[in-house]
Amino acid sequence: MFKHDKALLHEVKVDCPNPNYAAMLQEQLGGPQGELKAAMQYLSQSFRIKDKEIKDLFLDIASEELSHMEMVATTINLLNGHNLDANNATIGNIEAHVLTGLAPMLSNASGQLWTAAYVNESGDLAADLLSNIAAEQRAKVVYEYLYRQINDQGVRETIDFLLNREEAHNTMFREAFNRLQDTGSLKDWGVTQDSKLYFNLSTPGDQYFNANNPQPPKFNSPNQN
Ligand code: MN
Ligand code: MN
């Protein structure tokens, strides 16, 4: 069950309308690293999870991603303003200018429509968690690009908040992954000789990468046990 709370997760504001910035921010509304993708990915993955704590984590984060989506869409709406004169928009999401009357739409910054093909779902908790860790990392990178390119203090404060929340999700998914050792697709990790081979196929030169005994991935930070 989902409920709607009238308050935004975090207040959003803009210094002034700017349709170009609105078009850029569309990337995190309906793009492959955006908030709708994150929400749908974690929600759809959660249906298969048996571990109650991890299922709860996925649903909590999916719900928060919908709150992020609401914040991004609200910011885009403020940046577009309610004046349908789009003369200032010279690049980006032309579709929003000619099709939706500048309403925030489910597309990326170039107007390409959102697709469920962005959602990665494997039925294997280890594979899904690794997808989610990478998704959070990519979302952070896109927000960093947007932060550099959007010179609006109000929007930057929103981006900064969202960027830090993606870091928090990333950390929680890593923590969940660390609990999974030797389960699912990790269960028989590295038990055959073939799984321990490293082919040095770069010539000429020495082998720079030393991989005599590769280990399964672990994300424990140095100050964790
Ligand atoms: Mn998010
Ligand atoms: Mn996130």
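Order of appearance sets the numbers: ligands from 1, and atoms from 1 within every ligand. What's counted below: heavy atoms across the whole structure, side chains too, no hydrogens, waters or symmetry copies.
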* Does any N, O or S atom of Glu65, backbone or side chain, fall under 2.8 Å from the Mn ion (ligand 2)? -> yes

* To do: Answer yes or no: is there an ion pair linking Arg179 with Glu175, defined by an N-O contact shorter than 4.0 Å?
  => yes

* **Between Gln137 and Asn170: side-chain donor-acceptor atoms closer than 3.5 Å** => yes

* Determine whether more than 12 heavy atoms belonging to other residues, nucleotides or ligands lie under 6.0 Å from atom NZ of Lys187. => no

* Asked: With distance as the sole test, does Arg174 use its side chain to make a donor-acceptor pair with the main-chain N or O of Ile133 at under 3.5 Å?
  -> no

* Identify, by name, the N, O or S atom of Glu35 lying closest to the Mn ion (ligand 1). => OE1

* Are Glu121 and Arg48 within salt-bridge range, i.e. N to O under 4.0 Å? -> no

* Structure fact -> With rounding to 10 degrees, Glu136 OE1, the Mn ion (ligand 2) and His169 ND1 define an angle of 110°

* **Metal check, the Mn ion (ligand 2) vs His68 N/O/S, cut-off below 2.8 Å** => no

* Structure fact -> Checking distances from the Mn ion (ligand 1), one finds that the N, O or S atom of Glu166 closest to it is OE2

